[in-house]
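Order of listing sets the numbers, starting from 1, for every ligand and every atom in it.
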Amino acid sequence: MHTCDTLVRADWIVTQNDTRDVIQDGAVAIQGGVIAAVGPFADISANWSAPETIDLGPSLLLPGLVNAHTHAPMTLMRGLADDLPLMQWLTDHIFPVEQKLTPELVRLSALLGCCEMLRTGTTCFYDMYLMEEAVADAVRETGMRARIGEVIFSFPTPAYADENAAFDVVRRMHAASADTPRIRTAVMPHALYTTSPQLLTRAHELAQELDIPLHIHLAETETETAQSLEKFGKRPVAYLDSLGLLTPTTLAAHCVDLTDDEVATLARTGAHVAHNPESNMKLASGIARVRDMQAAGVSLGLGTDGACSNNNLDMFAEMASCAMLQKVATLDPTAAPAQQVLDMATRGGAACLQWEEIGSIAPGKAADLTALDLDQPGLMPIYNPISHAVYAAGGGDVRFTMVDGHVLYRDGAFLTVDYPALCAEVRDAAEWIRKQTGAEAANK
Ligand SMILES: [Zn+2]
């Protein structure tokens with residue numbers, strides 16, 4: 001008999017391991033935040049004893065979902081402006097608020113984002129924003145896992161006066177994250193249309209020097225492609241490749257407007273792609289060629305993008321949208337099947353984040369887990385748990401989320417956050433934003 005810290009038991013376990021095993025009446029043995037064993041409850045309980053058993057009963061246990069591209073602090077601007085073209089939306093509504101951001105506002109909205117993610121089954125996220133050190137504080141406080149990075153523009157922001165100062169922030173964040181294994185960093189130039197070739201090259205060099213990944217928005221719209229052709233004489237993917245920035249540690253968010261050659265380039269370079277179907281739909285950016293990228297062997301993850309262009313951080317909803325959008329785009333109901341989409345939201349996300357220890361329930365992996373409540377009417381009956389995870393479930397069906405062996409959310413309660421106090425602070429901050437934007441007058 002072995003001993004461990006915790007046993008988690010559930011009616012169904014979707015492991016997402018290499019053979020995609022699904023276990024009925026299963027259990028996971030957890031020791032020191034790491035999965036020691038997984039299997040049928042009868043086998044696990046015969047071999048492992050623990051002071052604590054969390055028996056989830058009629059639940060579907062999954063590896064925690066991985067949000068491969070988001071901007072967690074944008075929760076504070078959720079619903080502030082919708083139904084507008086991307087550039088008008090950004091310049092008239094989002095950038096004016098962002099010009100007045102403070103670290104305290106960023107921390108508060110990142111805390112809200114973390115709560116929403118835990119509530120909807122996400123345990124790890126790849127986050128790009130201004131004043132990202134405040135996001136690190138929220139990640140530390142909540143107990144989540146994240147790869148974070150200060151977004152770098154060629155122009156001044158409230159977070160830094162110039163490019164040099166922005167790169168200093170990246171170095172400082174990287175050094176500060178060394179003592180928290182749940183937090184890793186990346187270098188994050190915003191996009192081709194908000195940076196210079198010199199900045200991009202410098203970002204690549206810093207990523208190599210610090211041995212961390214690089215994360216950038218790429219090929220999001222046809223407008224971006226037109227600008228890239230005009231300025232650089234190349235389409236976005238070809239241009240970034242010519243600068244040497246597409247590597248196996250690069251994550252490109254969006255990749256909507258791609259030619260066949262560009263799909264092949266992404267596959268050849270080993271760069272990863274974060275697909276954001278709901279944001280792409282809402283901003284009318286277009287439909288990423290997920291089926292073609294999958295066929296070409298491109299490494300794919302799934303993300304929500306920020307809460308302003310989605311308008312939620314619910315990865316269960318994102319999975320359904322991903323599958324549906326590919327089917328309607330290709331007029332092929334076999335496109336983006338449930339297992340492939342679940343792979344994108346788990347193992348694929350782990351690859352995008354360069355985080356080997358997450359993405360499946362298997363011995364040696366981090367104990368990052370989430371569970372759906374199978375007593376919910378919308379999840380009954382159950383024949384195929386993978387179908388349910390992708391097509392039937394919403395984040396509101398989540399009843400349990402664990403990171404690193406610690407329960408962070410269970411049956412309505414956030415265990416690391418004073419949620420009522422957070423709500424009060426968020427309401428106060430929203431009042432302030434209303435005043436800044438004149439939304440108060442507009443709403444009357
Ligand atoms: Zn984005």
Side-chain angles (χ1 to χ4, degrees), residues 66-78 80-82 84-91 93-95 97-98 101 106 109-110 113 116-117 122 124-132 135 146-153 157 159 186-195 200 203 213-225 227 236-237 240 245 250-258 271-288 290 300-315 317-318 321-322 344-345 349 352-353:
V66 181
N67 190 339
H69 176 73
T70 189
H71 315 278
M74 291 188 88
T75 48
L76 204 56
M77 292 177 279
R78 188 195 329 260
L80 185 62
D82 305 292
L84 295 168
L86 174 67
M87 289 304 161
Q88 189 187 346
W89 174 75
L90 272 178
T91 50
H93 299 275
I94 302 302
F95 287 161
V97 174
E98 290 186 338
L101 280 177
V106 172
S109 33
E116 186 182 353
M117 287 190 262
T122 292
C124 183
F125 60 107
Y126 209 154
D127 200 72
M128 173 196 283
Y129 206 59
L130 292 166
M131 302 179 189
E132 189 79 9
V135 177
R147 191 179 282 283
I148 56 179
E150 185 76 15
V151 62
I152 309 173
F153 296 102
T157 72
V187 183
M188 305 202 191
H190 176 257
L192 300 189
Y193 57 92
T194 44
T195 57
L200 291 172
L214 185 138
H215 182 178
I216 187 168
H217 293 103
L218 186 66
E220 186 173 359
T221 61
E222 288 177 13
T223 311
E224 179 184 332
T225 302
Q227 284 178 0
V237 170
L240 205 62
L245 263 69
T250 299
L251 176 69
H254 298 300
C255 293
V256 170
D257 186 27
L258 298 181
H272 308 267
V273 172
H275 175 47
N276 305 273
E278 294 194 352
S279 175
N280 296 157
M281 285 194 278
K282 185 158 184 274
L283 295 170
S285 301
I287 303 173
V290 167
L300 282 167
L302 190 66
T304 58
D305 212 355
C308 294
S309 59
N310 187 299
N311 285 1
N312 59 60
L313 306 180
D314 179 349
M315 285 286 290
E318 205 71 32
S321 294
C322 172
M344 287 169 68
C352 287
L353 271 76

Criterion side chain to side chain contact (heavy atoms under 4.5 Å, CB included) on D127 and N67, from CA distance to verdict = CA-CA 9 Å; D127 200 72; N67 190 339; over 6 Å; no

From CA spacing to verdict: side chain to side chain contact (heavy atoms under 4.5 Å, CB included), D82, K282 = CA-CA 8 Å; D82 305 292; K282 185 158 184 274; 2.7 Å; yes

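Protein N/O/S atoms closer to the Zn ion (ligand 1) than 2.8 Å number 4 in this structure.
Within the 4.5 Å cutoff, the side chain of Y193 has heavy atoms near those of the E220 side chain.
When atom types are taken as modelled, the side chain of W89 and the backbone of I94 share no donor-acceptor pair closer than 3.5 angstrom.
The aromatic rings of H217 and H69 lie perpendicular to each other, with more than 60° between the two planes, well past the 30° mark.
E318 and N310 are linked by a side-chain donor-acceptor pair at a separation below 3.5 angstrom, with hydrogens and angles left out of the test.
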